[in-house]
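This structure is a prediction, so every number in the text was calculated from the model and none was measured.
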Amino acid sequence: MNCRDNCGACCIAPSITSPIPGMPHGKPAGVPCVQLTVDFRCRIFGRPERPAFCGGLQPSADMCGAKRDDAIVWLAALEAQTAPG
């Protein structure tokens, strides 16, 4: 499955604990990554400085749903379920 155009849900909803260029301490859940462009694309896609978390998160029908809002809700729920106590 390919990423949906103009989505960026995976660059907003989850927290990322590893450094990202421009966000040396990672990013909190619900905060857009500084590498997310205005058309919801990743500036560092395919580059070595892209966090392993990002490369490991692959689009799927369950995660992405029928529209961007579905993906935001699904990823936010996953974030809540996996957050440290």
Notebook entry, point to check: Do the non-hydrogen side-chain atoms of M63 and D70 ever get within less than 4.5 Å of each other?
Noted result: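 Result no, sub-4.5 Å side-chain heavy-atom pair not found.
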
Item checked: By salt bridge (Lys or Arg N to Asp or Glu O under 4.0 Å) - contacts of D5 (at least two apart) ->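 Per chain and number, D5 pairs via salt bridge (Lys or Arg N to Asp or Glu O under 4.0 Å) with R41.
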
Checklist line | Residues which pass salt bridge (Lys or Arg N to Asp or Glu O under 4.0 Å) with D69, listed by chain and number, not counting sequence neighbours | finding: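 So D69 forms no salt bridge (Lys or Arg N to Asp or Glu O under 4.0 Å) with any residue.
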
Margin query: Taking side-chain hydrogen bond (donor to acceptor under 3.5 Å, both in side chains) as the cut-off, I'd like each qualifying pair that reaches into residues 50-63, sequence neighbours left out, listed once.
Written below: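 Passing the test, one end in residues 50-63: no pairs.
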
Next item on the list: Group every Ile, Leu, Val, Met, Phe, Trp and Tyr by side-chain heavy-atom contacts under 4.5 Å, then state whether F45 and L75 land in the same group.
Entry: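 In one cluster: no.
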
Next item on the list: Determine whether V31 and V73 fall in the same hydrophobic cluster, where Ile, Leu, Val, Met, Phe, Trp and Tyr are linked whenever their side-chain heavy atoms lie under 4.5 Å apart.
Entry: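 Shared cluster, no.
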
Notebook entry, point to check: How many angstroms lie between SG in C64 and CZ in R4, if you round to the nearest 0.5 Å?
Noted result: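 The CZ atom of R4 is 5.5 Å from SG of C64, to the nearest 0.5 Å.
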
Note to self: What's the separation between atom SG in C33 and atom CD1 in I44, rounded to the nearest 0.5 Å?
What the structure shows: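 Between C33 SG and I44 CD1, I get 6.0 Å after rounding to 0.5 Å.
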
Notebook entry, point to check: At their closest point, which heavy atom of P51 faces which heavy atom of I20, and how far apart are they?
Noted result: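 What the structure gives for the nearest pair is CG-CG1, 3.6 Å.
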
Item checked: Closest non-hydrogen atom pair between N2 and P59, with its separation ->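 Shortest heavy-atom contact: C-CG, 4.0 Å.
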
Check: Does Q35 reach the main-chain N or O of P21 with its side chain, forming a donor-acceptor pair under 3.5 Å?
Finding: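 Checked: pair present.
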
Check: What residues form a side-chain contact (heavy atoms from CB on, under 4.5 Å) with V34, not counting sequence neighbours?
Finding: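 side-chain contact (heavy atoms from CB on, under 4.5 Å) check on V34 returns M23.
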
Check: Is NZ or CZ of R68 both nearer than 6.0 Å to the six-membered ring centre of F40 and within 45° of the ring axis?
Finding: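 Yes, cation above the ring, under 6.0 Å and within 45°.
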
Next item on the list: Could you tell me which residues satisfy side chain to side chain donor-acceptor pair (under 3.5 Å) with D39, sequence neighbours excluded, listed by chain and number?
Entry: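 T37.
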
Contacts table for residues 12-19: side-chain donor-acceptor under 3.5 angstrom, sequence neighbours left out:
| residue | atom | partner | partner atom | Å |
| --- | --- | --- | --- | --- |
| S15 | OG | E79 | OE1 | 3.2 |
| S15 | OG | E79 | OE2 | 2.7 |

